[in-house]
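Structure first, then comments.
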Amino acid sequence: MTGTAARYLYLARHGEASPDQSELSAAGLRQAALLGERLRSAPLTAIHHSPLARAAQTARLVRGQLDGVPLEESELVGDYIPYVPDRDELPPELAGSTLDFLALFSPEELESGPPLAQRALAEFTGPVDGDEPRHELVVTHNFVVAWLIRDALDAPKWRWMALNHANAALTVIRYAPGRAASMLVYNDLGHLPPELRWTGFPPELRV
């Protein structure tokens, strides 16, 4: 009888993109290569990536340093708004700034993202069928990384906001049968030199 085994979900944000978002910058190319070096010893069985160029290119560069791990494109890990809260869900002191931020996006963006986010949870979280643990990498975008982390921590749905993930940083979540999700690694930048950490973020968010 087939049992249930642990899933190890490796999450990485793409490397730094060029100004027009059409490809990785020179720094992003280095970040992706170093992320691939970091993952050489990981027993990955698949790499899932966003359809957008900056994530697809990052995934290909990571895969180039691994041994035959298949690449799989998925719209479920694209760049989208994963959840849109109502005002009464939010702490009063945060409601105004949160809703002002979301107002920067089009109605179509606000409507299309949440269904994808729910499907991503069904596809990429929780233990897996079978007797062998599964290790898989998802190369995606800041909001989706934050959404999956929020779910693992059982935080309110709106709390994906302000969970910032650096370019080419690594997070690993373990989903074991009968146990709460466990955050093994969070936003780890140890494989990047200081000049490649927190690219694109203002000084007050860099540590």
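- Nearest heavy atoms, Ala169 versus Leu189: CB-CD2, 3.5 Å.
- Under the side-chain hydrogen bond (donor to acceptor under 3.5 Å, both in side chains) test applied with Tyr10, the options Glu136, His135, Arg38 reduce to a single match, His135.
- Formation of a donor-acceptor pair under 3.5 Å by the Ser74 side chain with backbone atoms of Leu76 is found in this model.
- Aromatic ring orientation, Tyr186 versus His165: perpendicular (interplanar angle above 60°, classes split at 30° and 60°).
- Judged purely by atom type and a 3.5 angstrom limit, Thr4 has no side-chain atom pairing as donor or acceptor with the backbone of Pro127.
- Using a 4.5 Å cut-off on side-chain heavy atoms (C-beta onward), Leu153 and Met183 make contact.
- A 4.5 Å side-chain heavy-atom check between Asn167 and Trp198 finds every atom pair outside the cut-off.
- Contact annotation: the side chain of Tyr8 never approaches that of Ser182 to less than 4.5 Å [non-hydrogen atoms, C-beta and beyond].
- No hydrogens or angles considered: nothing links the side chains of Glu73 and Ser50 as a donor-acceptor pair under 3.5 Å.
- Side chain of Arg7 to main chain of Thr125: a donor-acceptor pair is present (N/O by atom type, distance under 3.5 Å, no hydrogens or angles).
- Counting heavy atoms from C-beta outward, Trp160 and Val144 have side chains that stay 4.5 Å or more apart.
- If you check the side chains of Glu16 and Ser25, you find a donor sitting under 3.5 Å from an acceptor.
- Taking the salt bridge (Lys or Arg N to Asp or Glu O under 4.0 Å) definition, one finds that Arg206 meets it with nothing, sequence neighbours left out.
- In this structure a side-chain-to-backbone donor-acceptor pair under 3.5 Å is missing from Glu111 to Glu108.
- Remark: side-chain polar atoms of Gln65 are paired, donor with acceptor, to backbone N or O of Ala33 under 3.5 angstrom.
- When the side chain to side chain donor-acceptor pair (under 3.5 Å) test is applied to Tyr83, the partners found at least two apart in sequence or on another chain are Glu89.
- His191 and Glu37 form no side-chain donor-acceptor contact under 3.5 Å, judged by distance and modelled atom types alone.
- Qualifying salt bridge (Lys or Arg N to Asp or Glu O under 4.0 Å) partners for Asp79, counting only residues two or more places apart in sequence or in other chains: Arg54.
- Here the side chains of Leu11 and Leu170 are not in contact, with every heavy-atom distance at 4.5 Å or above.
- Within the model, atoms NE2 of His14 and CD of Gln31 stand 10.0 Å from one another, a figure rounded to the nearest 0.5 Å.
- Between Leu137 and His48, every side-chain heavy-atom pair lies at or beyond the 4.5 Å cut-off.
- The shortest distance between side-chain heavy atoms of Glu75 and Leu116 falls below 4.5 Å.
- For Thr98 (side chain) and Ala95 (main-chain N/O), no donor-acceptor pair under 3.5 Å exists by modelled atom type.
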